[in-house]
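To start, the structure under review is shown below, and the notes come after it.
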2 protein chains.
Amino acid sequence: MARGKIQIKRIENQTTGQVTYSKRRNGLFKKAHELTVLCDARVSIIMFSSSNKLHEFISPNTTTKEILDLYQTVSDVDVWNAHYERMQETKRKLLETNRNLRTQIKQRLGECLDEFDIQELCSLEEEMENTFKLVRERKFKSLGNQIETTKKKTRASKTYKKNLIHELELRAEDPHYGLVDNGGDYDSVLGYQLRFHQNHHHHYPNHALHEASASDIITFHLLE
Amino acid sequence: MARGKIQIKRIENQTTGQVTYSKRRNGLFKKAHELTVLCDARVSIIMFSSSNKLHEFISPNTTTKEILDLYQTVSDVDVWNAHYERMQETKRKLLETNRNLRTQIKQRLGECLDEFDIQELCSLEEEMENTFKLVRERKFKSLGNQIETTKKKTRASKTYKKNLIHELELRAEDPHYGLVDNGGDYDSVLGYQLRFHQNHHHHYPNHALHEASASDIITFHLLE
DNA sequence: ATAACTATTTATAAGCG
DNA sequence: TCGCTTATAAATAGTTA
C-alpha cells in the first residue's frame, strides 16, 4: 500500500478518477454538513463530474432555490436575467404571432377589409370562393355518405320484412304452424317486430315499406 | 490543549464559531479545488454564514452562472421564482391559443375539414358564402371608387382642354393677341402649352388650370 | 481577523473481497 | 460498482502571539 504524498494533479486513469471523485465528493459533502451544523450556516454545493453528472448538496432546513434566490439578491451576478429576458422575448413574439393570426381570421370573416387594395381583395375573393367550394364539396360528400348509409339500412330492413312476410305466408298455408302455439300469436309477434319501425301500428298492408325514403328511415331512427 | 473528539454540534460560543467557520470554510474550498483539479469536475459552492454573510467558491475555468444554468437545465428542482412559473404558464397558454387560431385559419382555407360534422360544415359554408359576398361587395365598391376618381380626373381634364381651346379661339379673333408673337397656329401653341405643363412652367393664362397639378396632367395624357 | 503550533481526529489512496 | 481495511496525509480545535 504505497501511500506517498498525494499529488494534486489531474488523475489520468479513468477508473481511479471515478473512485476518487466519488470518495472526495462524499468527503466534501460531509464537511459541508458539519459546517452547517457547527456554525449554523447554509451551504449549497452544485457540481458536475467530468462526464457532466450532476451532484448537489444542500444544508438541511433550506432549499437550493432559497439559496440561489438569496445569492441572486446579494451578489452582483444577475443569474436568471438572461433566461428571464429570453422568455420575455418569446412571449412578445408569441403575442405578435397571435395578433397576426387573429387579423387573418377577421379578414376571412369579412372584417377589417379596409386595409386591402384591389389586388388583395381579388385574391382574397378567389381564396374564399375556392374554400367555399371545398366546404360545399365536403358537405355534399358527407351528405352522400349519410344517404348511402341509410339506403343500406333501408335495404336491410326491406329484406328483413320480406322474409318475415314470407314466413307468415308459410305458416298460414301450413296448419301445423298455427297449432303449435295458440293462434293469436301471429299478431303479437308481428306487432312486436313492427313496433320497432313505427310506434302505433300493429299491421302493415303489403309492401307498405318498399318505397320508404331516406327521410322516412331517419324518422324511424328518431322514433326508435 | 484539550483536543478531544470533535462533536458535530452547534458551537454556542460566537467567537469560536466564527473561527471554526472561517477555518472550515477554507478547508471546504480547498477540498473543492482539489476535486476540481484531480477529477476535472466543476464545483460551485454558495454559502451563507449564520450572520448571512455570503461566501462562494467556483472552479477555475467556469462561472457560477454557467453552473447554475446547467443546473437548471438538468435538475428537476424548480429554482426559479413565481414570476418564472407565471411566465411559463403564460407561454403555454399563448402557444395553445396559437394552435387553435392556426386550426381555425386552416379550416377557413378548406383544410382539416374531416373533423367537421354536417352541421358544422353547413354553418362554415354559410359563413364562407357571407364573407365571400362581403369581399366581393368591398371589391366592387373599391373598383367603383376608383372609377369615380378617374372620371373626375377625366372631367377636369376635359374642362381644362375646353377652356384652353376657348382661349385660343379668343386669341384668334383678337388680332392683338396674334401680333404679339409671331402668328403660330393653334396646333403648335396647343402643343407648346401641354409640354409646358409637364415641365412645370411658370405662368398660366387661365384660372381654370390652377387646380390641376403636374401629375394630374400626366394622368390625363395617359387616360386620353 | 490571521498565523503558527501541535495533539488529535479525519480523510482518503490503495488494496482486498 | 461497492464496502472494508489500513497506513499515511490532511484537517482542525485549541492555544499562543
Side-chain angles (χ1 to χ4, degrees), chain A residues 1-62 64 67 70-71 73-77, chain B residues 1-62 64 67 70-71 74-76:
Chain A
M1 303 178 186
R3 299 176 196 111
K5 183 173 178 176
I6 296 167
Q7 297 290 325
I8 302 301
K9 201 176 167 184
R10 184 170 195 273
I11 298 169
E12 299 299 337
N13 183 304
Q14 183 109 33
T15 321
T16 310
Q18 284 280 13
V19 174
T20 298
Y21 179 70
S22 172
K23 283 184 175 179
R24 277 181 174 261
R25 174 160 42 79
N26 286 329
L28 193 70
F29 287 0
K30 189 183 172 190
K31 289 279 181 198
H33 179 254
E34 289 176 2
L35 197 45
T36 301
V37 176
L38 284 167
C39 307
D40 203 23
R42 281 154 297 157
V43 185
S44 154
I45 304 181
I46 295 172
M47 53 197 294
F48 290 93
S49 71
S50 58
S51 54
N52 282 324
K53 250 191 162 159
L54 167 67
H55 294 278
E56 73 170 314
F57 169 85
I58 183 66
S59 295
N61 305 322
T62 189
T64 301
I67 296 292
L70 200 52
Y71 176 75
T73 322
V74 173
S75 76
D76 303 331
V77 184
Chain B
M1 300 177 188
R3 298 180 193 106
K5 185 173 178 176
I6 296 166
Q7 297 291 326
I8 301 301
K9 202 176 169 184
R10 184 169 194 273
I11 299 169
E12 301 297 338
N13 182 303
Q14 182 107 36
T15 321
T16 309
Q18 284 281 12
V19 173
T20 298
Y21 180 71
S22 173
K23 282 185 176 180
R24 277 180 173 261
R25 175 162 40 79
N26 285 330
L28 192 70
F29 287 1
K30 189 184 172 194
K31 289 276 183 200
H33 180 256
E34 289 177 0
L35 197 43
T36 301
V37 176
L38 284 167
C39 306
D40 204 23
R42 282 154 297 157
V43 185
S44 154
I45 305 180
I46 295 171
M47 53 196 294
F48 291 93
S49 70
S50 59
S51 55
N52 281 324
K53 247 188 162 162
L54 167 67
H55 292 277
E56 74 170 311
F57 168 86
I58 183 67
S59 295
N61 306 321
T62 191
T64 302
I67 296 292
L70 200 54
Y71 176 73
V74 173
S75 77
D76 306 328

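In what follows, chains are A, B, ... by sequence order, proteins preceding strands, each numbered from 1. What you see is a predicted model, and the numbers here were worked out from it, not measured in a lab.
- Regarding A:Asn13, its CG atom lies at a distance of 13 Å from the P atom of D:dT1, rounded to whole Å.
- The separation of D:dA17 from C:dA1, taken at their P atoms, amounts to 23 Å, rounded to a whole angstrom.
- Atoms CZ and CE, on A:Arg42 and B:Met47 in that order, are 10.5 Å from each other to the nearest 0.5 Å.
- For the residue pair A:Phe48 and A:Asn52, the shortest heavy atom distance occurs at CD2-O, 3.9 Å.
- Contacts of A:Gln18 with the nucleic acid, taken as non-hydrogen atoms under 4.0 Å apart, are absent.
- Atom CG of B:Asn61 sits in a sparse spot, with 12 or fewer heavy atoms from other residues, nucleotides or ligands closer than 6.0 Å.
- Residue A:Ser59 forms a side-chain hydrogen bond (donor to acceptor under 3.5 Å, both in side chains) with just one option from A:Thr36, A:Asp40, A:Thr64, and that option is A:Thr36.
- For the pair B:His33 and B:Val37, the minimum side-chain heavy-atom distance is below 4.5 Å.
- Mapping B:Tyr21 and A:Ile8 onto DNA chain D by nearest heavy atom places A:Ile8 at the nucleotide closer to the 5' end.
- Contact check of residues 22-37 of chain A against DNA chain C (heavy atom, cut-off under 4.0 Å) returns A:Lys23, A:Arg24, A:Gly27, A:Lys30, A:Lys31, A:Glu34.
- Counting all heavy atoms, side chain and backbone alike, A:Leu38 lies closest to B:Lys9 at CD2-O, 3.2 Å.
- With a 6.0 Å radius and a threshold of 12 heavy atoms from other residues, nucleotides or ligands, A:His55 has its NE2 atom above the threshold.
- Ring orientation note: the planes of A:Phe29 and A:Phe57 are tilted relative to one another, at an angle of 30° to 60°.
- In DNA chain C, runs of at least 3 consecutive Watson-Crick or G-U pairs, each pair with both distances below 3.5 Å, span C:2-17 with D:2-17.
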